[in-house]
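Scroll down for the structure; my scribbles are underneath it.
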Amino acid sequence: MSRLDEFATRCIRGGNPADPQYGAVLPPIYQTTTFRHAAVGQEQEYSYSRVDNPTVRALEDRLGQLEAAEPALCFATGMAATVTLCLAVLKTGDRVVCSDVVYGGTFRLLREVLDQYDVQSVFVDTADPQALSAALQEPTRLVILESPANPTLKLTDIGACARLARQHGALVVVDNTFLTPVLQRPLDLGADVTLYSTTKYIDGHNATVGGALCTRDPELRERLRYLRTALGTIQTPHNAWLTLQGLKTLSLRLATHGANALLLAQALARNPQVLRVHYPGLDSFAQRDLARRQQLNGGGIVSLVVAGGLQQAAAVLRHLRLITPAENLGAIESLATHPATMTHKCVPEAVRKQLGVVDGLIRISVGLESPDEIVADLEQALLVAAREVHHV
Ligand SMILES: *Cc1c(COP(=O)(O)O)cnc(C)c1O
């Protein structure tokens with residue numbers, strides 16, 4: 001885990017502005033809509049909190065330092081970051097190529113919303129660079145990659161795909177929500193932009209919803225900031241302050257999330273009630289070599305498939321005692337999600353099944369409780385659920 005330690009100082013102190021007035025160790029929350037103008041026509045650093053805010057900027061500086069990039073831009077939610085990015089770089093008639101397994105909200109935005117503005121999106125298996133290469137034969141403005149993908153954890157070779165996209169003049173964004181810059185550095189691998197739902201690991205405490213975009217291109221950052229002002233998608237100062245506190249323990253948390261997730265995945269791989277386990281840290285994972293090369297550990301998310309479909313998956317969630325059945329991930333509390341009826345219900349059933357988001361799939365966000373208790377809880381729920389389903 002020593003490489004994770006490299007990030008500890010930046011997670012705690014990166015961009016942390018000294019409080020000039022009282023020397024407070026934590027930055028103040030600038031809970032204000034507006035800032036006094038020194039004189040008419042004289043530009044100040046801050047004018048109005050829809051445009052910029054010092055507390056939000058403190059979070060942006062720290063995230064930017066973690067990525068060795070320009071200061072990040074923070075948004076009200078992850079989806080606010082995604083829509084701001086899309087409206088900043090796309091226009092009517094443009095084409096988007098997106099990983100086929102993605103967060104359901106990204107699929108919905110492209111397929112059901114941007115479609116109406118004549119932005120065409122195609123979804124391809126970016127785990128296969130040949131498939132991406134074929135999709136890029138038609139002019140493409142934006143490539144959206146998600147690795148590991150939500151919820152099957154399929155990986156995309158970010159470096160290979162970024163090179164291909166670049167040859168075709170497309171901009172590459174990587175949704176790095178599952179790993180954060182601590183475990184995976186898409187900008188080093190050639191991506192133009194990284195996208196985060198800070199709601200997940202970056203806050204890490206189930207306290208806020210938020211989003212962020214990071215880039216090393218100052219002109220692109222300015223364009224994104226302009227759109228954020230136009231759309232009004234900025235994060236609130238209070239959420240930015242809470243996220244700054246959560247972020248301090250990011251590298252510590254991700255080390256333990258990864259260790260606990262590996263223990264759970266190993267236990268599930270031995271469990272007779274489990275048909276399949278998806279976890280990039282398992283030796284049996286199909287893309288294990290790519291996982292080793294591209295990310296520092298397997299991450300904190302484990303997906304499993306039970307044979308009895310919706311009925312059995314629902315029974316597992318119902319019988320959990322410690323793990324909470326809920327729709328988030330990346331926080332210190334372990335959560336269990338049923339993607340087919342929750343996060344991915346907006347994806348048509350036929351498409352879902354083809355991508356492996358089957359009715360028996362359960363996604364576990366492995367928290368920081370005692371790993372023995374997490375494993376024991378899921379094992380007892382799997383056993384009770386199996387008995388229940390087989391007796392009906
Ligand atoms: C949750 C999530 C999002 C959307 O973020 P919100 O903060 O819920 O708007 C985007 N991408 C991934 C991978 C996510 O898990």
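For reference, positions follow the sequence shown, starting with 1. All heavy atoms count here, side chains included; hydrogens, waters and symmetry mates do not.
For the side chain to side chain donor-acceptor pair (under 3.5 Å) test, no residue two or more places apart in sequence or in another chain qualifies with Tyr103. Residues satisfying the side chain to side chain donor-acceptor pair (under 3.5 Å) criterion with Arg253, sequence neighbours excluded, are Thr249.
Taking all atoms of both residues into account, the shortest heavy-atom contact from Ile158 to Gln294 is N-OE1, 2.9 Å. In this structure, Leu244 and Leu59 approach most closely via the heavy-atom pair CD2-CA, 3.6 Å. Ile374 approaches Ile323 most closely through the heavy-atom pair O-CD1, 3.9 Å. Smallest separation of non-hydrogen atoms from Pro129 and Ala160: CG-CB, 4.5 Å. Smallest separation of non-hydrogen atoms from Asp19 and Ala24: OD2-N, 3.0 Å. Minimum heavy-atom separation, Tyr279 to Gly299: OH-O, 2.6 Å.
Inspection of the Asn176 and Arg185 side chains reveals no N or O donor paired with an N or O acceptor under 3.5 Å. Under 3.5 Å, the side chains of Glu333 and His205 contain no donor-acceptor pair of N or O atoms. Between the side chains of Ser147 and Thr156, not a single donor N or O lies within less than 3.5 Å of an accepting N or O. Checking Thr208 against Asp203 by side-chain atom types alone, a donor-acceptor pair falls below 3.5 Å. Between the side chains of Asp115 and Gln120, no donor-acceptor pair is found at a separation under 3.5 Å. Counted by atom type alone, Thr194 and Glu67 present one or more donor-acceptor pairs between their side chains at under 3.5 Å. In this structure, a donor-acceptor pair under 3.5 Å is absent between the side chains of Thr337 and Glu327. Between the side chains of Thr177 and Asp175, at least one donor-acceptor pair of N or O atoms lies under 3.5 Å. Side-chain contact check for Thr140 and Arg95: at least one donor-acceptor pair (N or O, by modelled atom type) lies under 3.5 Å.
Of the inter-residue distances, the one linking Leu153 atom CG with Leu155 atom CG reads 8.0 Å to the nearest 0.5 angstrom. Distance CG/Leu145 to OG1/Thr126: 5.5 Å, rounded to 0.5 Å.
No donor-acceptor pair closer than 3.5 Å links the side chain of Arg141 to the backbone N or O of Val96. Under a 3.5 Å cut-off, the side chain of Asn53 and the backbone N or O of Tyr30 do form a donor-acceptor pair. The main-chain N or O of Cys74 is found under 3.5 Å from a side-chain atom of Arg228 such that the two form a donor-acceptor pair.
Look at Asp61 and Arg10 and you find no salt bridge, because none of the NZ, NE, NH1 or NH2 atoms lies under 4.0 Å from a carboxylate O. Between Asp283 and Arg288 there is a salt bridge, with a side-chain nitrogen of the basic residue lying less than 4.0 Å from a carboxylate oxygen of the acidic one. At a threshold of 4.0 Å, the pair Glu388-Arg318 counts as salt-bridged, since one of the basic side-chain nitrogens sits closer than that to a carboxylate oxygen.
Taking the six-membered ring wherever Trp is involved, the centroid distance between the rings of Phe107 and Phe123 falls below 6.0 Å. Annotation: His278 is not in aromatic contact with Phe285 [ring centroid separation under 6.0 Å not met].
The environment of Gln137 atom CD is dense: over 12 non-hydrogen atoms of other residues, nucleotides or ligands sit within 6.0 angstrom. Shown here is Arg163, whose CZ atom has no more than 12 heavy atoms of other residues, nucleotides or ligands within 6.0 Å. By the neighbour-count criterion of 12 heavy atoms within 6.0 Å, atom CD of Glu219 is sparsely surrounded, having that number or fewer from other residues, nucleotides or ligands. Taking a 6.0 Å sphere around CZ of Arg108, one finds it holds 12 or fewer heavy atoms contributed by other residues, nucleotides or ligands.
Using a 4.5 Å cut-off on side-chain heavy atoms (C-beta onward), Pro71 and Arg57 make contact. Taking the side chain as every heavy atom from C-beta outward, Thr152 and Val357 approach each other to under 4.5 Å.
Checked options Arg223, Arg216, Arg166; the residue passing with Asp192 is Arg166 (criterion: salt bridge (charged side-chain N to carboxylate O under 4.0 Å, His left out)).
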